[in-house]
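As the structure lists them, so they are numbered: ligands from 1, and atoms in each ligand from 1.
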Amino acid sequence: MPNRTALLVIDVQPDFLPGGQLAVGEGDRILPGVRALMESDSFPVRIATQDWHPPEHASFASNHSGVEPFDVIQLHDHDQVLWPDHCVQGTPGAELHPDLPWGRVDAVIRKGMDPRVDSYSGFRNNWGPGGDRPPTGLAGYLRERQVAEVVICGLARDFCVGWTAEDAVDAGFRTTLVWDLSRSVDPTGDEDLRGKLSEQGVRILTRDELMLER
Ligand code: VGL
Ligand code: ZN
């Protein structure tokens, strides 16, 4: 019977922190707490995700005409927010953030490499030209490592973290989101997001609440 808990550290990369290309407000505030979870022995499996785009990526406003960053277009029949260029493969903004102990993670899942499709979740791409959401292999990796539960932190709460949490529930993992170890691109939507994720079966805790259980 799987009974292990995996820590998932989502997209903690300089481009998502203040000063980065797609800065998330207060993104730097999560660093000490994320470090503490990574250094804890409570998680026998630790995974990082890394947003890792080619320069011609379809999610970049710069690759479309007549649009600006944060406009929404239709891509493969779904809404697509157009982003400033960010996490371009090989650039400093795309590195795993230098202040965290990445030597403690078992695996790094890169995502967003297909230039045609965005990829918020660590588990699956967004919808592609085939109308499906191809898996990254993370669910299979976790199952093979006897993982039953995932604890999720990182950036951004309203995109990659939220999508990863929803897909984790869908894949059958008990799922906890560490609310104060994430931040949103658009914090005005946080109350709705919290309600939506809870309804879908994501357990939302603070870091203090989480550590009291472990
Ligand atoms: C993300 C927008 C675009 C994220 C990645 O990590 O939440 N958001 N690419
Ligand atoms: Zn991205």
N/O/S atom of [X] under 2.8 Å from the Zn ion (ligand 2), yes or no?
X: Asp51; value: yes
X: His86; value: yes
X: Cys160; value: no

### Message
Quick check: closest heavy atoms across Ala48 and Trp102, and the distance to 0.1 Å?
### Response
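That closest heavy-atom pairing would be CB-CZ3, 3.5 Å.
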
### Query
For the residue pair Ile30 and Asp180, what are the closest heavy atoms and their distance?
CG2-O, 4.0 Å

### Salt-bridge present (Asp41, Arg104; N to O < 4.0 Å)
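Counted as a salt bridge, because a side-chain N and a carboxylate O are separated by less than 4.0 Å.
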
Quick check on ligand 1: any N or O pairs to the protein under 3.5 Å? One line per pair.
unit_1, atom_1, unit_2, atom_2, d
ligand 1, 6 (O), Asp11, OD2, 2.7
ligand 1, 6 (O), Leu155, O, 3.3
ligand 1, 7 (O), Ala156, N, 2.9
ligand 1, 7 (O), Cys160, N, 3.0
ligand 1, 9 (N), Asp51, OD2, 3.1
ligand 1, 9 (N), His86, NE2, 3.1

### Task
Give the intermediate values and the outcome of side-chain hydrogen bond (donor to acceptor under 3.5 Å, both in side chains) for residues Asp186 and Thr188.
CA-CA 5 Å; Asp186 176 14; Thr188 64; 2.6 Å; yes

#### Entry: Positive for side-chain hydrogen bond (donor to acceptor under 3.5 Å, both in side chains) with His86, one of His53, Gln21, His57
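When side-chain hydrogen bond (donor to acceptor under 3.5 Å, both in side chains) is applied between His86 and each of His53, Gln21, His57, only His53 qualifies.
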
### Task
Using the side-chain contact (heavy atoms from CB on, under 4.5 Å) rule, take Leu100 and Leu96 through it: C-alpha gap first, then chi angles, then the decisive distance, then the call.
CA-CA 8 Å; Leu100 292 178; Leu96 296 173; over 6 Å; no

### Message
Exactly one of Arg133, Lys111, Arg124 should register a salt bridge (Lys or Arg N to Asp or Glu O under 4.0 Å) with Asp167. Which one does?
### Response
Arg133

